[in-house]
Amino acid sequence: MEITQQIVRAVACGIKTLYGADCETSKIQLQETRPEFEGNMTLVVFPFLRASRKPAEETAREIGEYLTAEVPDVVARFNVVKGFLNLVIAPAQWIKLLQEINGQERFGFRPVTDESPLVMIEYSSPNTNKPLHLGHVRNNLLGWALANVMEANGNRVVKTNIVNDRGIHICKSMLAWLRWGNGETPESSGKKGDHLIGDYYVAFDKHYREEVKELVAKGMDEEQAKQEAPLIKEAHEMLVKWEQGDPEVRALWKKMNEWVYAGFDETYKALGVGFDKIYYESDTYLEGKEKVEEGLAKGFFYRREDGSVWADLTKEGLDEKLLLRSDGTSVYMTQDIGTAKLRFQDYPIDKMIYVVGNEQNYHFQVLSILLDKLGFKWGKDLVHFSYGMVELPNGKMKSREGTVVDADDLIQTMIQDAAQMSADKVLRLEDITPEEAQEIARIVGMGALKYFILKVDARKNMLFNPEESIDFNGNTGPFIQYTYARIRSILRKAKEKGISLPDELPLTAELSDKEISLIQHLNDFAQVVRQAAGDYNPSCIANYCYELVKEYNQFYHDFSVLREEDAQKQIVRLALSEAVSKVVRNGLGLLGIEVPERM
RNA sequence: GGUUCGGUAGCUCAGUUGGAUUAGAGCAGCAGCCUUCUAAGCUGCGGGUCAAGGGUUCGAGCCCCUUCCGAAUCACCA
């Protein structure tokens, strides 16, 4: 059994025996002892003063005496400082714990069974009119990491993507391509499909704004001009044709979307993310209309004179929300209702998580209420995993002002920079093929990008500084990967020397304070994984990995593994190195960050 | 204006269910350390009224209230 659990149980017994009071185990706080005091674990006794009716120090002393008497093989000795009871744990317990961590391939993970709750996670959700940018990168990385974290906590996970493949935005691109494209294709232009379509979307916007400007110059007010401009009217007509199933429009739509999907697939592959089930808005929006009509019949919603359908949420403290336009076409909310319906038909969902930016907090607040009204059992408890915006040093990302960071460009830059960095350190690895070097550059470059984004608390807006992201010093992915590679090198060399880990570590081995501290922190991993799932926030895993690796690095400079002469000490240090590498690999793995065996 | 979320070192960020006279990392600056298991590293120095004020208690960066600042949102856009 784990050390903490043993002590908690013993303390609960002690409170009962000494003071005759029952004690909830959740009130028993064990924390790491501060380095300036002797001991490994500290019990905070303040919560027990009510039961003991004695001064803090006396209470602490009594509990300490009880523990050393009852569980002497765990608590070797103790000391008291004010209300804090510092416990010195028997070294053999730490060895056992280390052995336990090393004995499991995935220490800290919970198994997934057929009875595990089914969690569906929606992320990415691109529009098909432009390529992915930095904001999507954050979304994709968070979604993928969160899916891994939920799975590590014993949930069945279905990763899903809802592609916004229909709507006015894609009509704009189509229209622009028809008008100015001269039949250009990804093959003929050599452009990636999503970039090609994105270029036409930009072209549409440019011409559209010129039209609006002209109309305003002729004396029309701006709001009216935006609606009356010929291009936007034409795009709306196209949307109506699309909804009517016009063969020509549908054929073009299909062709252009295929180009975009091919482009997205490349980007997803480079990011290392994927999906179990992809939904398309074109398949779900009609379902949504149906569901809205159903709600209308049941009196949840109402129809206005112009024919539009609304939900009145003023009782919930919100506004009225449009569900169907007066021309009968559906809006964003309608689509999400339809998608929910299809998903629920496809899977017995227990929990639904939407990974969507915080600009849509209101949308999901409304969606939760609507789904609940419409009878989805997970609607009320749906989780909107809301992440902050990515800002650039010179302001926000704005596609109109051309200050977006394109995902594909970014990925390429990161990998090239990583390759450059390792080329500068070329002395290190002599026997390396160009292919291996390229693969290491890919792992390190992507690791730098992923770690830079995932280490930040997902809820907060973050600043993406391109220069800093390729700096591999400090709290970065490459620093962690580098330490991992060094540990693997030690383990390889140990093997060459014929040193291997025995099935049973020597319980009599001596441990330094640093070694005990490292074992304690390795043990924390299980808790961190649980916390990440509880908060729906993977960033704590990133920061944990950094702390662990930093501690190992300090350790590394003070102790040697291969040159240690005491056989027992050497075995323990080897086991520690093994454990650190394993935990780091699993931790980064949850974040979707790969580790290189050498670099 | 309503709602939601933020405010911690010059900059970017940690800070676990409230815990220990001294709130931590990294970057940037300064000073050391490579005949050593991989120096993409390690050690030291300087840098803070945790936005402000009040409250809760043995104890608050963390919980409650007020104020200030910032962001998002409140569309027949997605």
Side-chain angles (χ1 to χ4, degrees), chain A residues 26-27 29 31 33-34 36-37 42 44 46 49 56 81-84 86 125 127 129 164 166-170 281 304 306-310 317-319 321-327 329-333 335 357-363 365 386 388-389 391 393 396 418 421-422 424-425 427-429 444 452 455-457 459-465 467-469 471-476 478-483 485-494 497 524 527-528 530-531 534-535 539-540 542-544 546-547 550 553-554 556-564 573 577 598-599:
Chain A
S26 63
K27 282 198 171 177
Q29 319 174 34
Q31 60 195 46
T33 304
R34 293 242 157 175
E36 59 264 37
F37 303 107
T42 295
V44 184
F46 289 112
L49 299 186
V81 180
K82 291 196 258 179
F84 299 90
N86 299 322
S125 310
N127 290 347
N129 62 330
N164 300 304
R166 64 161 284 278
I168 191 72
H169 57 280
I170 183 69
E281 186 187 342
R304 285 189 185 168
D306 62 2
S308 56
V309 176
W310 297 74
L318 305 172
D319 294 330
K321 193 78 190 169
L322 177 81
L323 298 177
L324 288 177
R325 295 195 189 98
S326 49
D327 62 3
T329 55
S330 57
V331 291
Y332 185 36
M333 189 64 75
Q335 165 214 317
N358 63 9
E359 74 272 14
Q360 292 187 28
N361 285 351
Y362 182 69
H363 174 82
Q365 211 182 333
S386 158
M389 312 194 102
E391 287 165 21
K396 281 176 196 150
M421 293 289 257
S422 46
D424 293 345
K425 310 275 173 193
L427 297 175
R428 185 168 298 142
L429 302 169
V444 173
F452 189 85
K455 75 175 175 183
V456 181
D457 185 341
R459 283 166 301 172
K460 293 184 181 173
N461 289 358
M462 67 170 288
L463 189 82
F464 183 80
N465 184 331
E467 285 170 27
E468 213 173 294
S469 77
D471 185 350
F472 296 161
N473 292 315
N475 185 0
T476 65
F479 169 60
I480 300 172
Q481 290 170 320
Y482 178 66
T483 307
R486 267 196 344 235
I487 295 174
R488 299 302 294 175
S489 171
I490 291 175
L491 296 176
R492 273 195 304 273
K493 287 193 174 156
K497 280 181 144 187
D524 288 342
Q527 195 190 329
V528 171
R530 260 175 276 147
Q531 191 195 332
D535 297 350
S539 76
C540 62
N543 288 296
Y544 167 83
Y546 175 66
E547 298 286 337
K550 192 172 163 59
N553 254 332
Q554 290 161 7
Y556 177 94
H557 281 264
D558 290 350
F559 300 98
S560 60
V561 176
L562 298 176
R563 284 190 304 274
E564 173 59 46
R573 284 176 197 168
S577 302
R598 27 183 229 164
M599 69 184 270

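No experiment lies behind these values; they were computed from the predicted model shown. Below, chains carry the letters A, B, ... as their sequence lines are ordered, and counting in each starts from 1.
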Pairwise distance CE(A:Met599) to CZ(A:Arg488) - rounded to 0.5 angstrom: 15.0 Å

Spacing of A:Asn358 atom CG relative to B:C74 atom P, expressed in whole Å: 12 Å

Sugar-phosphate only, base, or nothing, as touched by A:Ala485 at under 4.0 Å among non-hydrogen atoms: base

Minimum-distance nucleotide to A:Arg486 side chain [options: B:A78, B:G19, B:G41]: B:G41

Distance below 4.0 Å between A:Arg459 side-chain N/O and B:G6 OP1 or OP2: yes

Nearest-0.5 Å distance that lies between atom CG in A:Asn543 and atom CG in A:Asn475: 6.0 Å

Closest non-hydrogen atom pair between A:Gly83 and A:Ala56, with its separation: CA-CB, 3.9 Å

Nearest-angstrom distance from the residue atom CE of A:Met333 to C1' of B:U73: 12 Å

Integer-rounded Å distance: B:U4 C1' and A:Glu359 CD: 13 Å

N-glycosidic conformation, B:C34 - syn within 90 degrees of 0, else anti: syn

Phosphate-side-chain proximity, A:Lys321 and B:A75, N/O vs OP1/OP2 below 4.0 Å: no

Touch class at under 4.0 angstrom, heavy-atom based, for A:Tyr544 against every strand present: nothing

A:Val561 to A:Ser577 - nearest heavy-atom pair and separation: CG2-OG, 4.0 Å

Sugar-phosphate, base or nothing in reach of A:Gln527, heavy atoms under 4.0 Å: base

Any donor-acceptor N or O pair under 3.5 Å, side chains A:Tyr332, A:Gln360: yes

N/O donor-acceptor pair under 3.5 Å between A:Asp457 side chain and A:Arg459 backbone: yes

For A:Ser539, side-chain hydrogen bond (donor to acceptor under 3.5 Å, both in side chains) partners two or more places apart: none

Value rounded to 0.5 Å, distance of CG in A:Asp471 from CZ in A:Phe479: 12.5 Å

Side chain of A:Asn164 - closest among B:G19, B:A78, B:C74: B:A78

Sugar-phosphate only, base, or nothing, as touched by A:Glu281 at under 4.0 Å among non-hydrogen atoms: sugar-phosphate

Secondary-structure notation, RNA chain B, from Watson-Crick and G-U pairs under 3.5 angstrom (| other strand): (((((((..((((.....[....)))).(((((.......))))).....(((((..]....))))))))))))....

A:Leu463, nearest nucleotide to its side chain (from B:U43, B:U12, B:C77): B:U12

Atom-pair distance (CG on A:Leu322; P on B:A75), nearest Å: 10 Å

Show me the protein contacts with nucleotides 26-33 of chain B, counting only N or O atoms at under 3.5 Å.
from, atom 1, to, atom 2, distance (Å)
B:G26, OP1, A:Lys550, NZ, 3.1

Spacing of A:Phe479 atom CZ relative to B:A39 atom C1', expressed in whole Å: 12 Å

From CA spacing to verdict: side chain to side chain contact (heavy atoms under 4.5 Å, CB included), A:Arg166, A:Ser330: CA-CA 11 Å; A:Arg166 64 161 284 278; A:Ser330 57; 3.7 Å; yes

Contact summary for A:Ser560 and A:Glu564, nearest pair of heavy atoms: O-CB, 3.6 Å

Sugar-phosphate, base or nothing in reach of A:Val456, heavy atoms under 4.0 Å: sugar-phosphate

Contact under 4.0 Å: A:Tyr556 side-chain N or O vs B:A39 OP1/OP2: yes

B:G19 phosphate, OP1 or OP2, under 4.0 Å from A:Gln29 side-chain N/O: no

Sugar-phosphate only, base, or nothing, as touched by A:Asp457 at under 4.0 Å among non-hydrogen atoms: sugar-phosphate

Phosphate OP1/OP2 of B:C37 contacted by A:Ser560 side-chain N/O (<4.0 Å): no

Distance, C1' atom - from B:C64 to B:C77, rounded to whole angstrom: 40 Å

Residue whose closest nucleotide on RNA chain B lies nearer the 5' end, A:Arg304 versus A:Thr483: A:Thr483

Atom pair distance, as rounded to whole Å: CD in A:Gln360 and C1' in B:A75: 13 Å

Whether A:Thr476 side chain and A:Phe472 backbone form a donor-acceptor pair below 3.5 Å: yes

Sugar-phosphate only, base, or nothing, as touched by A:Gln554 at under 4.0 Å among non-hydrogen atoms: sugar-phosphate

Whole angstrom value for the distance that separates C1' of B:A72 from CE of A:Met462: 17 Å

Listed nucleotide nearest any side-chain atom of A:Ile168, set B:C77, B:G19, B:U36: B:C77

Partners meeting side chain to side chain contact (heavy atoms under 4.5 Å, CB included) with A:Tyr556 (sequence neighbours left out): A:Arg486, A:Ile490, A:Tyr552

Short heteroatom pairs, N/O only, protein and nucleotides 20-23 of chain B, under 3.5 Å:
from, atom 1, to, atom 2, distance (Å)
B:A20, OP2, A:Arg34, NH2, 2.5
B:A20, N6, A:Thr42, OG1, 2.8
B:A20, N6, A:Asn86, OD1, 3.2
B:A20, N1, A:Asn86, OD1, 3.3
B:U21, OP1, A:Lys82, NZ, 3.4

Along RNA chain B (nearest heavy atom to each residue), the more 5'-positioned of A:Asp535 and A:His363: A:Asp535

Separation of the C1' atoms in B:C13 and B:G7, to the nearest angstrom: 13 Å

Near-parallel close stack of A:Tyr482 and B:U38 base (under 5.5 Å, under 30°): no

Touch class at under 4.0 angstrom, heavy-atom based, for A:Tyr362 against every strand present: sugar-phosphate

Distance below 4.0 Å between A:Lys460 side-chain N/O and B:G7 OP1 or OP2: yes

Between P of B:U36 and CD1 of A:Ile490, the distance in whole Å: 15 Å

Side-chain N or O of A:Arg325 closer than 4.0 Å to phosphate OP1/OP2 of B:A78: yes

Which residues share a side-chain hydrogen bond (donor to acceptor under 3.5 Å, both in side chains) with A:Glu391, sequence neighbours left out: A:Asn461

Check: A:Arg325/A:Thr329 side-chain N/O donor and acceptor closer than 3.5 Å: yes

